[in-house]
Amino acid sequence: MKTDIEKIFNFYASGSVIFARKDFLQSSYLPDVLPHRENHIKHLAQILAPSLRLENPSNVFLYGRPGTGKTAVVQYVGSQLQKIAQDKNIPVKFLYVNSGLKKIADTEYRLYAYLCRRMGDFIPDTGIPTSSVFDRMIKALDSKPAVYILALDEIDVLIEKSPNTIYTLSRINSELKNSKLSIIGITNDLSIMSHLDAKTKSSLSEEEIIFSPYNANQIKDILQDRSNISFSPGAINDSVILLCAASAAKNHGDVRRAIELLRISAEIAEREASNKVLRKHVEVAIGKFNTDQIISFVKTLPEHQKNVLKAIIELDKPVVYTREIYNKYIENVSKIGAKGLTMRRVLDILGEFESSGVVGTSVISRGRYGRTKVVELKIGGNIKDDIEQLLVEI
DNA sequence: CTTCCACGGGAACACTGGGGTG
DNA sequence: CACCCCAGTGTTCCCGTGGAAG
């Protein structure tokens, strides 16, 4: 026993034989080269270039599925622009904000407050009217003449929560006397624009760049590039990369997923004390990837949501109707003397489950017997047990 | 054509955690 | 200090509506 443990620790202590630079496989890592996105980079650079002559660049909208390089392209072009502006002493400021990040910039107030802070004006998390935060933001932006380029990642979150924010931002140049501001909107939700009025829509998307999913070959190239710098020589071979690429290509060409898959595979290999990553490690990683996602989702669910999910699982039928779920749910919670939520709320919770892929739903009309939602659990048999176990403890 | 029942949008509310002002 | 104002979240309440069985 003791020697086993010693073996494990010694193995890790002697350094990794697989990874050379593991941090290059982290999703936060921004590579110097973005293969197969040369045209997008050029296009965006052309749009933003006028800022270097202190002209206001067009607003741009970037569309594309997750993991198609939108964020990387924006950050890459933005940092290059910033660098050149700094060298030549031109007052161009590139501001990247992820407006999907909870509690940071996902509401009107928080976005303005965040921007103020970036500009050095401290704004508390709450307590001040939004309009005065807005005024302070304008003041900060206008304090010195500059061209600001504001990249709003996951802008769909913001649009959905408060279309008003986007409306205001798209008109902000009439409030600014000395400075100018252009917006880069980044989203993977193509339908989101329907929340906006025609004027705002056209002003925001003066230019549009579409990011189509990578195909398996392109993902392979990207993985190859990335593994050259991340792994020790010989630790990884083409067939492993191909397998990761194929799996990700099947999932809408999400390259982030491909890289993560590669990393997990390598971690599994390392844990098995193998000195190279093999196909079997990737196969394990693919399975682990899917289960891990659902399990961590269930783990972080609030109590009410857990109870609803529990009701669905306990009914144990291929498809269930809302009424059945609700009755079961009420039955369960009243057993522990709790009150339980309204039907209306449960309906919304089912909607939340659907958007996270745990269930599939569709609305049908059963004629005389009214309208109902058909709910189908999308959790496979093997993880279902794990999840039931998680839910028992509530 | 009627009838039924949940769907789903929207308003309103409660509550939390935090202002600024006198 | 007390007091009222502010934003955000999760919830309830209200209600018009879709659409196939009967």
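Every value quoted in this text rests on a predicted model; they were computed, and no experiment measured them. Atoms considered below: every heavy atom in the structure, side chains included; atoms not considered: hydrogens, waters and symmetry mates. Reminder, nothing fancy here: chain letters follow the sequence lines and each chain counts from 1.
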Phosphate contact (C/dT11 OP1 or OP2) by A/R345 side-chain N/O below 4.0 Å: yes
In terms of side-chain geometry, is the basic nitrogen of [X] or [Y] positioned less than 4.0 Å from the acidic oxygen of its partner?
{"X": "A/D121", "Y": "A/R136", "answer": "yes"}
{"X": "A/R263", "Y": "A/E267", "answer": "yes"}
{"X": "A/D292", "Y": "A/K288", "answer": "yes"}

Sub-6.0 Å ring centroid separation between A/H36 and A/Y214: no
Between A/F61 and A/Y63, ring centroids under 6.0 Å: yes
Base C/dG19 to side chain A/R371, donor-acceptor N/O within 3.5 Å cut-off: no
In this structure, how many angstroms lie between the [atom2] atom of [N] and the [atom1] atom of [X], rounded?
{"X": "A/I364", "N": "C/dG19", "atom1": "CD1", "atom2": "C1'", "value": "11 Å"}
{"X": "A/H304", "N": "C/dT12", "atom1": "NE2", "atom2": "C1'", "value": "12 Å"}
{"X": "A/R344", "N": "C/dT17", "atom1": "CZ", "atom2": "C1'", "value": "13 Å"}
{"X": "A/R368", "N": "C/dG22", "atom1": "CZ", "atom2": "P", "value": "8 Å"}

Nucleotides bounding contact with chain A, strand DNA chain B, heavy-atom threshold 4.0 Å: B/dT3 to B/dG19
Bend angle of the helix from B/dC1-C/dG22 to B/dG22-C/dC1, end axes from five pairs each (to 10°): 20°
Going by atom types only, do [X] and [Y] share a side-chain donor-acceptor pair under 3.5 Å?
{"X": "A/S99", "Y": "A/D106", "result": "no"}
{"X": "A/S132", "Y": "A/D135", "result": "no"}
{"X": "A/E154", "Y": "A/N188", "result": "no"}

Close side-chain approach of A/P57 to A/I184, heavy-atom, < 4.5 Å: no
Nearest-nucleotide 5' precedence on DNA chain B, A/G367 against A/V374: A/G367
Can you name the atoms? Protein N/O to nucleotides 4-8 of chain C N/O, anything below 3.5 Å, with the distance.
from, atom 1, to, atom 2, distance (Å)
C/dA7, OP1, A/T130, N, 2.7
C/dA7, OP1, A/T130, OG1, 2.8
C/dG8, OP1, A/T107, OG1, 2.3
C/dG8, O3', A/R110, NH2, 3.4

Geometric class of the A/F19/A/F231 ring pair [parallel <30°, tilted 30-60°, perpendicular >60°]: parallel
Minimal non-hydrogen separation, A/Q26 against A/R226, with atom names: O-NH1, 4.5 Å
